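I have placed the structure first, in the form of C-alpha cells, so that the comments after it can refer back to it.
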Amino acid sequence: MKILLSADDIQRRVAEMAQQIADDYRGQSVTIVGVLTGCLMFLADLVRHLDLPLRIGLLQASSYRGATTTPGLLRVQLELLPDLRGRHVLLLDDILDTGQTLAYLNRHLQTLDVASLRIAVLLRKEGRQQVPLHVDYRGFDIPDAFVVGYGLDYNDEYRHLPYVAVLNL
Ligand code: XMP
C-alpha cells in the first residue's frame, strides 16, 4: 500500500487543527460529536490537544458502500447521542467524500436546538463533493482514491494503522 499521509504528518496537522479550534471557541464549552466508526483515531488524538471544557458524544453512520466509492443507502444510529440542546456542537468525521453523510447529519443536528454547529473533517477528497456543505475545519485534501488507516477501513480492516494509505482495489 502506498502511504499517503505518514503518522507524523497526521499528528502534526491534528495538533494544528486543535489549536485553531481552541482559538475559535476561546474557552466556551464544546460538545464534540464523532461519527463512528471512522472518527475514532481522529477524535481521540484531537481532544487530547484541546484545552477547553468539552463533552464527547457519538453517533454511527454507514452508507453500505463496501469497496465501492458509490454511496449506498445511509443508515444512522443516534442512540449514543447526548442531549445537545443549547450546546456548541462540533461534528467530527474522518473523511468528506460526496458529502451525503455530513449534509444529512448537519441537517439533523440543526433540528435539535443546538447553540451552534460546526464541522471538522480530517480528509477531504478533491473533486468528489456532490452535496453543498460548509466545512469549518479540514486536515488534508487528498486525491480521489480509496484510502484506509487512521480509522478508515476496508471491510472493517486497517482502521488501526497510524498512517493513511491508498488501497489498490
Ligand atoms: P460521503 O460520500 O457521505 O462519505 O461524504 C463519507 C463516508 O464514506 C466513507 N468513505 C470512505 N471510507 N475510505 C474509507 O475507508 C475511503 O476512501 C472512503 N471514502 C468514503 C466513510 O465512511 C465516510 O465517513
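Note that the numbering runs from 1 along the sequence shown for the chain. Just so you know, these numbers come straight off a predicted model, no measurement behind them. In each ligand, atom 1 is the first atom listed, and ligand 1 is the first ligand listed.
- Here is the list of ligand 1 atoms found below 4.0 Å of a heavy atom in D153: 14 (C), 15 (O).
- For the pair D9 (side chain) and S6 (backbone), a donor-acceptor distance under 3.5 Å is present.
- With hydrogens and angles left out, the side-chain atoms of D136 and H134 include a donor and acceptor closer than 3.5 Å.
- Residue contact annotation: D93 has a non-hydrogen atom under 4.0 Å from ligand 1.
- Between the CG atom in L81 and the CD atom in Q60 there is a gap of 12.5 Å [rounded to 0.5 Å].
- In terms of N/O distances under 3.5 Å, ligand 1 is not approached by Y154.
- Across the listed options L105, V147, T101, V147 owns the non-hydrogen atom lying nearest to atom 14 (C) of ligand 1.
- Looking at A61 against ligand 1, nothing comes within 4.0 Å, counting heavy atoms.
- Within the model, atoms CG of L152 and CZ of F42 stand 11.0 Å from one another, a figure rounded to the nearest 0.5 Å.
- Formation of a donor-acceptor pair under 3.5 Å by the R138 side chain with backbone atoms of V121 is not found in this model.
- Ligand 1 lies out of reach of Q129, whose nearest heavy atom is not under 4.0 Å from it.
- Residue L54 comes nearest to I56 through the heavy atom pair CD1-CG1, 3.8 Å, listed as atom of the first residue, atom of the second, then distance.
- On a distance-only criterion, L102 and ligand 1 share no N/O pair closer than 3.5 Å.
- The contact set between ligand 1 and A145, taken as ligand atoms under 4.0 Å from a residue heavy atom, comprises 17 (O).
- At a heavy-atom distance under 4.0 Å, only side-chain atoms of D94, from C-beta outward, approach ligand 1.
- For the pair R118 and Y25, the cation sits on the ring face: its NZ or CZ lies under 6.0 Å from the ring centre, inside 45° of the axis.
- Residue S62 places no heavy atom under 4.0 Å from ligand 1.
- Below 3.5 Å of separation, one finds no N or O of F146 facing any N or O of ligand 1.
- At a 4.0 Å heavy-atom cut-off, ligand 1 touches K125 through the side chain alone.
- Taking CG of L92 as the reference point, atom CG of L122 lies at 8.5 Å (rounded to 0.5 Å).
- Under 3.5 Å, the side chains of D94 and Y150 contain no donor-acceptor pair of N or O atoms.
- Contact analysis puts G99 in contact with ligand 1, with a non-hydrogen atom separation below 4.0 angstrom.
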